Structures are given as C-alpha cells and as structure tokens.
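This report refers to the structure that appears directly beneath it.
Small disclaimer: the values here were computed from a predicted structure and weren't measured.
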Amino acid sequence: MCGVIGVVGTAAVNQLLYDALLVLQHRGQDAAGIVTSDAQGRLHLRKDNGLVRDVFQAQHMRGLVGNMGIGHVRYPTAGTSSSAEAQPFYVNSPFGITLGHNGNLINARELKQALFATDRRHINTDSDSEILLNVFAQELLRFLDDGLNAEAVFSAIARVHQRAQGAYAVVGMIAGRGLVAFRDPFGIRPLVYGRRETPGGTEWMVASESAALDSQGFELERDLGPGEGIFITPEGEVSTHMCAAEAVLRPCIFEHVYFARPDSVIDNIFVHRARMRMGTRLGQKIRRIWPDHDIDVVVPIPDTGRTVALEMAHELGIKYREGFIKNRYIGRTFIMPGQTRRRKSVRQKLNAISLEFRDKNVMLVDDSIVRGTTSREIVLMAREAGARKVYFASAAPPVRFPNVYGIDMPAANELIAHGRDEDAVCAAIAADRLIYQDLEDLVAAVQRGNRNIGKFDCSVFNGEYVTGLAPGYLDHIASLRSDGNVSEPMSGEVLDLANKK
C-alpha cells in the first residue's frame with residue numbers, strides 16, 4: 001500500500017509535502033520521496049528507504065525548492081526493499097515528468113514488453129509505477145501538436161486507461177507545467193483533492209486520504225471519480241475531466257476495514273463511522289447465533305480493532321477494556337524469516353495487562369485475520385495472562401484469496417482461511433470460539449455511508465476480481481513471493497505484509 005500527495009502552492013511547498021506525508025505514513029513505511037519544481041522548471045528530488053522523518057533531514061529540505069511538488073510513501077514489492085524503487089520516478093521526455101503511484105498493474109509484464117518493443121523505452125526497475133510513468137509519458141507525446149494543455153493531458157490519461165489494467169491512484173508533475181492526477185476506471189484506490197485560501201492566493205492539494213488535507217488546513221473538495229483526471233497549472237487553474245470511456249466505482253473495501261485512517265473520508269464514507277457499524281453488526285451476529293454467550297469482557301487488539309470492539313461491546317452490553325499495551329518504539333520487523341521470528345515480534349510489540357484477563361472469558365477483537373500467526377500468538381498471550389476462555393472476533397470475513405490491487409498479501413496457500421472452515425481456523429489460532437463478520441454485513445456497514453456505491457472490490461474475501469484476471473496470473477504472483485522475506489502483519493499497524501506500493 002502507498003500514500004501519494006501533490007501540492008500546487010503560492011509559496012515553497014517542501015514543508016507542506018513533508019507534513020502531509022507524515023499523516024500518510026501509515027500507508028507505507030519502507031521508503032519516502034519528494035520532488036519539487038521551481039520557477040525555472042528545474043526538478044529537485046530526494047528519496048530513499050526509511051520513514052519520512054529519517055529520509056528528509058534539514059539539508060534535504062533546503063534543497064527541495066519550488067511552489068509545486070509531489071510526494072510518496074511506500075512499502076516494497078514482496079521480498080525487496082531496494083532504494084532504486086523508492087518513488088517518485090522520473091522520465092525526461094516529454095518536458096520532464098515525475099510520478100507516484102498507489103496500486104498495482106495486473107498487465108505490467110505486457111506493458112513493459114510493449115514499451116521496449118514499440119516505444120523504445122527502457123524500464124530500469126521492477127516497479128510497475130515506472131512502467132505506468134513511461135506509458136503516460138509516451139501517450140502524452142502523441143497529443144502535443146498544439147502544445148501542452150489540459151486537453152492534451154486528459155487525452156494521454158484516456159490512452160493510459162485503454163492500456164493499463166489494474167488499480168492505480170496516480171499523482172504526477174510535469175516540470176514547470178503543472179500537477180496531474182488520475183484514478184483507475186474502477187476507483188479501486190482512493191484519491192481526493194481540496195483547496196485552501198492564503199494571502200497569496202488559492203493552493204491545491206491532491207492526496208490518498210482526506211486526513212492529509214485536514215491536517216494542513218485544506219478543505220476537501222471531493223474524491224476524484226473512477227477514470228477521472230485533474231490538471232492544475234502552477235498558477236492554480238484547475239481542470240477536471242472524465243477520461244475513461246466506461247467507468248464504474250468499485251472501491252476496495254479493505255481500505256475501510258484496515259488501511260485508511262479513521263479520520264479520513266473516502267468516497268463520501270466516514271471511515272470511523274463505517275468501523276463503528278462493523279462493530280454493531282458483529283455484536284448483532286453474536287446475539288443472533290450465540291444468545292447464551294458467557295463473554296465477560298471485550299478486549300481490542302490495538303489499534304484498528306478498537307472502534308469495532310467498542311461498538312460490539314456496547315451492542316452486547318458487555319464491559320470494554322484495554323488489555324494490551326503496544327510498544328510504539330520497536331523497529332520494523334516485517335522482513336524476517338520463519339515463524340519463530342514472527343512470534344517474537346508480537347511479544348516485542350504487545351504486552352498483556354494481566355488484571356484485565358485473569359479469571360475472565362475474554363472476547364478479543366481484531367480487524368482481520370490473514371496468516372493467523374499474530375492472532376494465535378495473541379490468543380496464547382491472553383491465556384498466559386490468566387484468561388479462562390479466549391474467544392476471537394474478526395471485523396472482516398475470512399481472507400481466502402490474494403490481493404492483486406496493491407496489497408502484497410500472501411499467496412493463497414499462506415492464508416490461514418484458504419481451504420479451511422471457521423472451526424479449523426479457530427483451532428489453528430488456539431481460540432475457544434471464532435466469530436467472523438459476514439460479508440453481506442461488512443458491505444452493508446460500509447455501503448451505508450454512500451448508497452450510490454453499488455458494489456465494492458471484495459476479492460480477498462470472495463475471489464471476485466473487478467478487473468478480471470488473465471489465466472495463470474495468480475500462479476505468477478505466487479511464484480514471485482519469497483516466504484522467508486514476508487511476514488504476518490502486526491495488528492493495528494499498516495499491514496506488515498510488505499505492501500506492493
């Protein structure tokens with residue numbers, strides 16, 4: 001998963017980009033990058049592996065001059081963390097274009113071959129974001145007879161939509177000419193824009209989540225629609241256009257389950273409210289299928305499980321207690337071999353408050369269960385803290401299929417629910433009872449925030465991929481994985497699954 005940001009300001013935007021990237025840090029903790037464009041159209045770039053606070057020091061910030069720029073935070077492709085794949089990427093023709101991307105192209109191999117064979121463009125990394133940049137640059141060349149203007153940019157985006165398949169929320173910059181952003185025809189990954197008024201004039205920001213705008217005093221205008229593009233000149237002139245011939249909104253529902261900040265609004269849905277409704281639905285399910293339950297206390301697994309757990313406890317009329325304390329100062333541990341290291345990372349990051357578990361029947365609540373390694377370890381921690389019985393509730397249905405739209409989720413055979421029923425998963429995580437959210441309840445909880453969304457991409461739960469997949473594609477991505485380099489996510493953090501973008 002990635003976070004993207006773009007700003008057209010009336011003064012230097014380096015600090016603004018930095019501060020906004022900090023707000024989006026949850027979407028990617030492996031690498032960060034900022035590129036700015038000054039009044040002469042010269043680009044200034046800084047990117048490297050690491051957190052935002054580590055990549056950008058004072059000397060780097062002083063070098064990022066200009067009133068227009070874009071930024072990016074990312075996780076690596078499975079098993080890799082090369083700084084060569086930190087974004088934004090740059091290509092010199094035409095004009096000089098930089099680009100950051102959140103998502104995944106499912107026809108990246110075919111596009112790369114065509115770029116080399118037909119367009120004579122060289123791709124220097126394994127990132128599909130570099131491929132997407134070169135496709136956009138090549139298509140833009142076709143429409144420059146009358147010079148660079150919004151019409152040429154939107155025509156190029158339309159051609160990108162015809163060639164690229166998959167999920168992509170893109171922010172780019174044409175040196176000295178303007179900021180460009182667009183969203184794939186299904187709107188799988190989020191992208192919003194907004195404005196703020198300053199003494200020098202109107203400033204514009206495009207971002208993955210509205211929380212980045214809020215934090216910097218920008219007012220949310222709206223989400224970019226599926227297939228829509230936006231072009232903002234250095235003078236602040238804004239043009240938008242529907243660039244896809246056929247567009248229908250099918251956003252990824254996992255954004256609301258886990259990825260997005262609770263203070264964000266995505267596709268007119270308040271994420272926090274959606275998670276509250278997930279908790280209410282879970283509570284209703286327990287009352288329906290287990291009316292004589294003996295749960296004494298509901299305990300969330302920090303952090304994402306909190307909102308769901310609180311509403312579930314309220315629905316059931318049961319005490320809610322914080323039972324785990326999270327160490328926020330442990331270094332990243334997602335690139336580690338073997339289950340022993342993974343289990344150790346859980347113990348390093350979470351510690352149980354025995355008072356809240358001793359002699360109680362405890363319901364643990366988390367956002368989802370992926371591999372199950374973390375879930376099992378937390379269940380065992382609850383038992384060691386003195387719980388009589390340990391139940392487990394997931395705000396999401398069983399995750400049984402890989403994600404191909406920008407989340408580098410494990411191959412199917414690494415998912416604990418793949419090929420197992422709920423009883424088998426319950427036994428595997430050592431719980432006394434397991435309650436999964438029903439898919440229809442999850443959809444209803446999120447859809448209530450925006451009933452104009454007919455369907456969501458729920459592919460990790462039902463295996464139905466909104467773009468369709470070529471035969472053998474899932475086998476191909478499974479072959480690229482290296483299990484020794486990818487681990488189970490730590491609950492309540494950005495998926496420590498080495499996210500794709």
Margin query: So does A86 get a backbone contact from the side chain of H72, meaning a donor-acceptor N/O pair under 3.5 Å?
Written below: no
Note to self: Within the supplied structure, the quantity of interest is the number of heavy atoms (other residues, nucleotides, ligands) at a distance under 6.0 Å from E219 CD; does it exceed 12?
What the structure shows: no
Next item on the list: Evaluate whether atom CD of E440 has more than 12 neighbouring non-hydrogen atoms of other residues, nucleotides or ligands under 6.0 angstrom away.
Entry: yes
Check: Can you say whether the rings of F182 and F136 are parallel (under 30°), tilted (30 to 60°) or perpendicular (over 60°)?
Finding: tilted
Checklist line | Pair Y436, D441: side-chain N/O donor-acceptor within cut-off below 3.5 Å | finding: no
Note to self: Parallel, tilted or perpendicular: which one describes the rings of H256 and F456, with boundaries at 30° and 60°?
What the structure shows: perpendicular
Check: Between D267 and N450, do the side chains contain an N or O donor and an N or O acceptor separated by less than 3.5 Å?
Finding: no
Notebook entry, point to check: Between S459 and E464, do the side chains contain an N or O donor and an N or O acceptor separated by less than 3.5 Å?
Noted result: no
Next item on the list: Evaluate the ring planes of F461 and F254, with Trp represented by its six-membered ring, and classify them as parallel (under 30°), tilted (30 to 60°) or perpendicular (over 60°).
Entry: tilted
Next item on the list: Verify, without hydrogens or angle tests, whether S210 (side chain) and V265 (backbone) share a donor-acceptor contact under 3.5 angstrom.
Entry: yes
Next item on the list: Classify the angle between the aromatic ring planes of H476 and Y473 as parallel (below 30°), tilted (30 to 60°) or perpendicular (above 60°).
Entry: tilted
Next item on the list: Identify the residue among V404, D128, D184 that makes a side-chain contact (heavy atoms from CB on, under 4.5 Å) with L105.
Entry: D128
Next item on the list: Examine the side chains of T198 and E203 and answer whether a donor and an acceptor come within less than 3.5 Å of each other.
Entry: no
